[in-house]
Structures are given as C-alpha cells and as structure tokens.
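Quick one: the structure is below, and I'll ask about it shortly.
Just so you know, these numbers come straight off a predicted model, no measurement behind them.
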Amino acid sequence: MRTASVKTWLLRCALGSLALSAPALAQDEDDPYAYPDEVPADDASESYDEIRPKVDQTDDFRRVSEQEHDDGEDDFKPLSGLDDPNLGVAMEFIAGALFLDSPRGRFAETRPGLGVRATWEYGRILDDEALREALWADLRWTFGGTSDGTDFIQANSNFHYFTIAPAYELKLGKSDFGFYAQAGGGIAYTASTLDIDTAQTKVSGIKPLIQYGVGFRGRPRLTSSGNFRLAFRLEALGYRRGYQNDFFLGGSLGTAF
C-alpha cells in the first residue's frame, strides 16, 4: 500500500511540472542553413539550363585556336578543304568575235574567234577560306584568221594566242557567280601565206603576248549531289602583241568538277 501511494505521488509531480513548463518553440536562428548551391523550393520550377552559368563556347574555341606550340607553330589546323567535293578543274569551249588590229588604218578587222581553255582553281590549295574560289588561272588557246585578195593575188593569215592568265574573282555572296579581272601572258603565233597565181609564199613568226580583261563567271551545280557543274563565262579580253592590240568579245561553255 505504501509503494502504490509513492508511485501515485511521483506521477502527479511529473504531470504538474509538464503543465507549468513553457512550450519550447523553434526560433528563427534554429532554421536550417541554406547553402548557396541549393535551389530554393520556390524556384523548383526553373530548369537547370536557366540557373547554370552561361558558357561562351565561341571564346573557348577562339582561345584554343590562338594557342601556339613550343616550336612557334599555330595549334589550330584549318580544315576547310577536307569537306570540299570540288576539284577546282574546268574545261570550256570558246566562241566570240575577234577584233584584229587593222593594217589598213581601220578600227579593226572583225573575224570569228574560237578556242578552248582549261581552268584550275589553285586557291583551293590555300588555307584561306576567302581565297579558295577567288583565285584561279586559265591555260588558253584562241584562234582567228583573215583572208583577202583577188583571184590572182590571195593573202591569208592565221593567229594563234597561247596564254596563261591568273584571275581574281569577286563572288556574289555565297552564290556560284561572280565578276573577275584577269591578266597574264604568253605568245602569239602568226602564220601567213601569199598566193600569186600559182606561186605561194609562207611567212610565220612568234611574238610575246600580254592578255588582260574582265568578265562574268558562273559555275551552277547540275546535280543535287556530287560536284558536276556547268561552267560558263562572258568576257572582254585584250591581246597586246608587239605594237598591235587585238580584242576578243565573247563567252565560253563547258563543265567543271
């Protein structure tokens, strides 16, 4: 009986102390510490791409391209020619009007002018992207002739122009067309015959030649895939042979690869 009364007294004391004690409330300083890297709950809707710092990949690429090896060579290797399907070679047939310097004091002796040329875009061997299609050169042969006289006296002259001429082209944006200026040199071979009745006299000679001119050039693609193209030009050229000036006005048509 005594033990039961002691237990009852202790229980009453414990309950009384709990009733009189003030409730322990959490203070502001007891809040959990918010770390800077943690995303607040209110911003949970924001995506990771909106929160993470932006990285300028262009600056990183430029920085890598400007690095140098210990031996002084540039660390950035241009790769502009690896995905170029074009060989930069073209073949064209030439036709137009050839204005030969007249020995009679006229403006010119106008005759048909024919020929052929091969073009090599040597700018493709360079690492400069702007010069890849802007620089090219022609290996060209142009032919023209004159014939005059009577039934008794007949004179014939044939003119052959062999030239090598580099050119610089201004492209029309990123298209396959552009305007160009050209200058080069070569030789002019002249073969003449003089027929007097049944007698014939032949005369031939070679003179150094300077070629110059301007024109418009196009290389549109003929197929959706591959590098087969149509090559054409409209041009005005001058041939300086000795003290004489001949001019060619015409065009050409062919294919390019």
Side-chain angles (χ1 to χ4, degrees), residues 90-121 134-172 176-196 200-220 230-256:
M91 291 291 296
E92 300 173 58
F93 294 97
I94 303 169
L98 187 60
F99 301 91
L100 300 170
D101 198 343
S102 176
R104 304 177 183 179
R106 301 175 182 175
F107 168 72
E109 298 285 345
T110 305
R111 296 292 186 271
L114 301 174
V116 66
R117 68 162 150 242
T119 302
W120 177 42
E121 297 176 359
L135 296 179
W136 42 268
D138 287 336
L139 178 61
R140 174 181 179 130
W141 167 67
T142 309
F143 166 79
T146 62
S147 179
D148 199 2
T150 64
D151 293 338
F152 185 72
I153 300 176
Q154 187 75 26
N156 298 283
S157 297
N158 296 321
F159 301 91
H160 302 265
Y161 306 96
F162 301 93
T163 59
I164 298 176
Y168 180 81
E169 182 176 350
L170 292 176
K171 304 288 290 185
L172 298 178
D176 297 321
F177 306 92
F179 293 92
Y180 67 89
Q182 188 174 36
I187 59 173
Y189 172 72
T190 304
S192 300
T193 59
L194 177 64
D195 296 317
I196 301 177
Q200 185 180 75
T201 303
K202 296 183 178 181
V203 178
S204 62
I206 294 177
K207 289 183 178 181
L209 175 69
I210 298 176
Q211 175 189 319
Y212 55 92
V214 295
F216 178 79
R217 177 175 180 248
R219 297 185 314 114
L230 175 70
F232 70 89
R233 291 193 214 174
L234 298 174
E235 59 187 359
L237 300 178
Y239 296 103
R240 176 77 180 185
R241 50 184 180 94
Y243 63 90
Q244 294 178 305
N245 281 300
D246 303 328
F247 296 94
F248 176 83
L249 183 62
S252 61
L253 185 66
T255 57

| What closest approach, in Å, do Ala90 and Ala231 show between heavy atoms, and which atom pair accounts for it? |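 Scanning both residues completely, I find the closest heavy atoms to be CB-CB, 4.4 Å.
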
| said: On a heavy-atom basis, which atom in Ala97 and which in Thr110 lie closest, and how many Å separate them? | reply: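 Minimum heavy-atom separation between Ala97 and Thr110: CB-CG2, 4.5 Å.
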
| message | Can you confirm whether more than 12 heavy atoms, excluding those of Phe93, are under 6.0 Å from its CZ atom? | response |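 No, not enclosed.
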
| query | Is there a side-chain contact between Asp195 and Asn156, using heavy atoms and a 4.5 Å cut-off? | reply |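 Heavy-atom side-chain distance check passes, below 4.5 Å.
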
| Can you name the ring-ring contact (aromatic ring centres under 6.0 Å, His included) partners of Phe216, sequence neighbours left out? |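 If we apply the ring-ring contact (aromatic ring centres under 6.0 Å, His included) test to Phe216, skipping adjacent residues, the hits are Phe179.
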
| query | OG1 of Thr163 to CD1 of Ile187: how many Å apart, nearest 0.5 Å? | reply |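 Output value for this atom pair is 10.0 Å.
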
| query | Would you call Leu230 and Leu253 a side-chain contact if the rule is heavy atoms closer than 4.5 Å? | reply |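 The answer is yes, as the side chains (C-beta and beyond) meet within the 4.5 Å cut-off.
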
| Salt-bridge present (Glu92, Arg217; N to O < 4.0 Å) |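 Not counted as a salt bridge, because no side-chain N and carboxylate O are separated by less than 4.0 Å.
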
| Between Arg140 and Phe248, is NZ or CZ placed under 6.0 angstrom from the six-membered ring centre and within 45° of the ring axis? |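 The answer is yes, since Arg140 meets both limits relative to Phe248.
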
| query | Looking at residues at least two apart in the chain, or sitting in another chain, which of them share a ring-ring contact (aromatic ring centres under 6.0 Å, His included) with Tyr189? | reply |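 Testing Tyr189 for ring-ring contact (aromatic ring centres under 6.0 Å, His included), a comparison that skips the adjacent residues, returns His160.
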
| message | Would you say that Trp136 contacts Gln182 through its side chain, given a criterion of any heavy-atom pair below 4.5 Å between the two side chains? | response |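 Trp136 vs Gln182: side chains touch.
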
| said: Show the nearest heavy-atom pair for residues Ala118 and Met91, with the distance to one decimal. | reply: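 Heavy atoms only, the tightest pair is CB-SD, 3.5 Å.
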
| Within-4.5 Å side-chain heavy-atom neighbours: Ile94 and Arg117 |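 Touching, per the 4.5 Å side-chain cut-off.
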
| message | salt bridge (charged side-chain N to carboxylate O under 4.0 Å, His left out) for Glu169 and Arg219? Distances and angles first, verdict last. | response | CA-CA 12 Å; Glu169 182 176 350; Arg219 297 185 314 114; over 6 Å; no

| said: Would you say that Tyr180 contacts Arg233 through its side chain, given a criterion of any heavy-atom pair below 4.5 Å between the two side chains? | reply: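 Result yes, sub-4.5 Å side-chain heavy-atom pair found.
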
| message | Within this structure, what is the CD-CD1 distance for the pair Gln211 and Ile164, rounded to the nearest 0.5 Å? | response |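 Answer rounded to 0.5 Å: 10.5 Å.
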
| said: Measuring from atom CG of Asn245 to atom OH of Tyr212, what distance do you get when rounded to the nearest 0.5 angstrom? | reply: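 Those atoms lie 4.5 Å apart.
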
| Exercise: identify the closest heavy-atom pair between Phe247 and Gly238 |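 Nearest pair, atom of Phe247 first, then Gly238: CD2-CA, 3.9 Å.
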
| task | Identify the heavy atoms of Pro166 and Ala183 that sit nearest to each other, and give their distance. | result |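 Heavy-atom minimum between the residues: CD-O, 3.1 Å.
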
| Reported NZ-to-OH distance for the pair Lys207 and Tyr243, which is rounded to 0.5 angstrom |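 The distance works out to 5.5 Å.
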
| message | For the CG atom of Leu209 and the CZ atom of Arg240, what is their distance to the nearest 0.5 Å? | response |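 So the CG of Leu209 and the CZ of Arg240 are separated by 11.0 Å.
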
| query | So how far is it from Phe159 CZ to Thr146 OG1, rounded to the nearest 0.5 Å? | reply |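 Reported to 0.5 Å precision, the distance equals 5.0 Å.
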
| query | Does some side-chain heavy atom of Tyr161 sit less than 4.5 Å from a side-chain heavy atom of Leu237? | reply |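 No - every pair of side-chain heavy atoms lies 4.5 Å or more apart.
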
| message | Side chains of Tyr239 and Ile210, heavy atoms from C-beta outward: is any pair under 4.5 Å? | response |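 Heavy-atom side-chain distance check fails, nothing below 4.5 Å.
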
| query | Mind checking whether Leu194 and Ile153 have side chains closer than 4.5 Å, heavy atoms only? | reply |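 A side-chain contact under 4.5 Å exists here.
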
| task | Grab the two heavy atoms, one from Arg111 and one from Leu100, that are nearest each other, plus how far apart they are. | result |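 Heavy atoms only, the tightest pair is CG-CD1, 4.3 Å.
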
